[in-house]
Engineer: 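Quick one: the structure is below, and I'll ask about it shortly.
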Protein chains: 2
Amino acid sequence: MNEIKTPPSGKAEPLQRLGEIGLSNFAPYLMNRIMGRYNADLRQEMTGLGLTTPKMRALAVLSVIDDLPISELAVYAVVEQSTLSRSLEQLASDGLVRRDPDPSDSRVTRIGITETGRAALDQLWPSMARIYAQMFKDIPDEERQAFVTTLQKMLKNIRKHDF
Amino acid sequence: MNEIKTPPSGKAEPLQRLGEIGLSNFAPYLMNRIMGRYNADLRQEMTGLGLTTPKMRALAVLSVIDDLPISELAVYAVVEQSTLSRSLEQLASDGLVRRDPDPSDSRVTRIGITETGRAALDQLWPSMARIYAQMFKDIPDEERQAFVTTLQKMLKNIRKHDF
DNA sequence: CAAAATAATATGCATTTGCAATTATAAATC
DNA sequence: GATTTATAATTGCAAATGCATATTATTTTG
C-alpha cells in the first residue's frame, strides 16, 4: 500500500497522475523539499560571511576543481551563466577568486580560487558539514552509499554535458 | 577507491573537507545538480503555459492536498511565503485557484485548486512524467524504491514542520 | 581564405525574489 | 479582560535573476 504502481509490462498506460503517486513518493518533490531546506539553512550562514548562494557554489566547486572556464563553472555550480558572471566580478574584486586568460583560447577566462577564497569557504564548511550530517542522521553508512550511487546514475541520465 | 572515509570510531576528527569527499560523492551537490536540471527543463515547458515555478509548485501540491492555508502551502511547495502570496494573486485572477476564508480563523485564507487549475496541471504533467522517467532511466524498481525511502528519512531529518 | 556559423563572456532590462515592515487577528499572560 | 506576544497574510523596496542581445574570438564551410 502506497507504492508506485508498476505498469504490468510493455504497453503504454494512461499516465499515472501526481495525486495517485502522492507527494511523498515522488522523488523530485522530496528532493526539492530537502534541497530547499538545505539551501535556506545554508543561506543564513552565508549572509554573515557576505556570500550568496551563487558565490558559495562557485567557491565550493573551485575548491575541488580549480581553474575552470566560466561556462564550465556555471554547469558545475548550477548557476546561470549571466548570474555567475556577475558573482565572479564580485568574488574577484573581493580577492576570493582569480581570473586568468586562457592561453590557447582568448575567449575563455579561467577562474581559480585564492587562498582568501579557500579561507572563506573553510569558514562556511563546518555549517555545511553540520547540515549534511543532520540530513543523514540515523541513516546507516551502507544506505547512504547506495543513495549516492543512485544519485550518480540520475545525474548521468539527466545532465546535458559530459561532466 | 573513491568512497567517503569513515571515521574509525568515536573520537572527533579534523573535519573532512569537500575536496577530500569529492563533488560526486557529496549528496547535496549531486541533488542540487539534478534538481537544477529538472527544474530548468520543466521551466521551459511551463513558460508555454504561462506558468512559473512557484505557480506550478502550488498547483502540484494542491492537486494532491487541497484547501491549504497559504502558510502551509508555502512549506509544501517550497516557495517563500511572500513569493507565494503574489503567485496566488495571479493564479486566482486567472481562475486556477480559489481563495476561501477559513471559517474558524479569520487570519487564514485557504487555497483550493479549480477545475481550470487541474486542467493546466494536466497539460504539464506529461512533461513532468517524461523528465521523471528520464531521471530514473535504467534504474531498477527496487533501487528506485530504496532511494525514495531514504529521501523520506532525509526530509524527516531536515524539515522544520511536521509535514 | 573570406564568409558564415558557433562559442565564451558580459551587459541591458524587465521581472522576480527575499527581507523587513505592516496590518489584522488570535492566543497567552498577568 | 486588558495587555503582551504570536501568527497569517500582504506589501514596499532594494537586490538578484533570467532572458535576450552585444561583443569578441574561434571554427567551419564553401
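Within every chain, numbering begins at 1; the chains are lettered A, B, ... in the order of the sequence lines, protein sequences first and strands thereafter.
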Engineer: Among residues 40-67 of chain A, which ones have heavy-atom contacts with DNA chain D below 4.0 Å?
Structural biologist: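 Those residues are Pro54(A).
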Engineer: Please report the end-to-end axis angle for the helix from dC1(C)-dG30(D) to dC30(C)-dG1(D), five pairs per end, rounded to 10 degrees.
Structural biologist: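 That helix has its two terminal axes inclined by roughly 30°.
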Engineer: Quick one: side chain to side chain donor-acceptor pair (under 3.5 Å) pairs with a partner in residues 73-90 of chain B, sequence neighbours left out?
Structural biologist: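 Listed by first then second residue: Lys55(B)-Gln90(B).
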Engineer: Do the ring planes of Phe26(B) and Tyr38(A) sit parallel (below 30°), tilted (30 to 60°) or perpendicular (above 60°)?
Structural biologist: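 Correct class here is perpendicular.
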Engineer: Roughly how many Å is it from CD1 in Ile70(A) to C1' in dT9(C), rounded to a whole number?
Structural biologist: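 To the nearest whole Å, that distance equals 6 Å.
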Engineer: Which pairs pass salt bridge (Lys or Arg N to Asp or Glu O under 4.0 Å) with one or both residues in residues 154-163 of chain B, sequence neighbours excluded?
Structural biologist: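 Residue pairs passing salt bridge (Lys or Arg N to Asp or Glu O under 4.0 Å), neighbours aside: Asp41(A)-Lys160(B).
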Engineer: Under a 4.5 Å cut-off applied to non-hydrogen side-chain atoms, are Asp141(A) and Arg144(A) in contact?
Structural biologist: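 They are in side-chain contact.
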Engineer: Determine which pairs satisfy side chain to side chain donor-acceptor pair (under 3.5 Å) with at least one residue from residues 117-128 of chain B, sequence neighbours left out, and list them in order.
Structural biologist: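 Applying side chain to side chain donor-acceptor pair (under 3.5 Å) to every pair that reaches into residues 117-128 of chain B, excluding sequence neighbours, yields Arg17(A)-Asp122(B), Glu45(B)-Ser127(B).
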Engineer: Give, ordered by number, those residues of residues 77-107 of chain B having at least one heavy-atom distance below 4.0 Å to an atom of DNA chain C; if nothing qualifies, reply none.
Structural biologist: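 Glu80(B), Ser82(B), Thr83(B), Arg86(B), Asp105(B), Ser106(B), Arg107(B) - these, ordered by number, are the residues of the stretch whose heavy atoms sit under 4.0 Å from the strand.
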Engineer: Quick one: pull up OH in Tyr29(B) and CG in Leu155(A) and give me the separation to the nearest 0.5 Å.
Structural biologist: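 If I round to the nearest 0.5 Å, the distance is 7.0 Å.
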Engineer: Parallel, tilted or perpendicular: which one describes the rings of His161(A) and Phe163(A), with boundaries at 30° and 60°?
Structural biologist: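 The arrangement is tilted - the two ring planes meet at 30° to 60°.
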Engineer: Against Asp67(B), only a single residue in Leu62(B), Asp100(B), Ile111(B) fulfils side-chain contact (heavy atoms from CB on, under 4.5 Å); can you say which?
Structural biologist: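 It is Asp100(B), the one option of Leu62(B), Asp100(B), Ile111(B) that forms the side-chain contact (heavy atoms from CB on, under 4.5 Å) with Asp67(B).
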Engineer: Considering all heavy atoms of both residues, which atom of Ala27(B) and which atom of Val148(A) are nearest to each other, and what is their separation?
Structural biologist: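 What the structure gives for the nearest pair is CB-CG2, 4.2 Å.
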Engineer: Ignoring hydrogens and angles, tell me if any N or O in the side chain of Asp102(B) forms a donor-acceptor pair with the backbone of Val108(B) under 3.5 Å.
Structural biologist: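 It does not hold such a pair.
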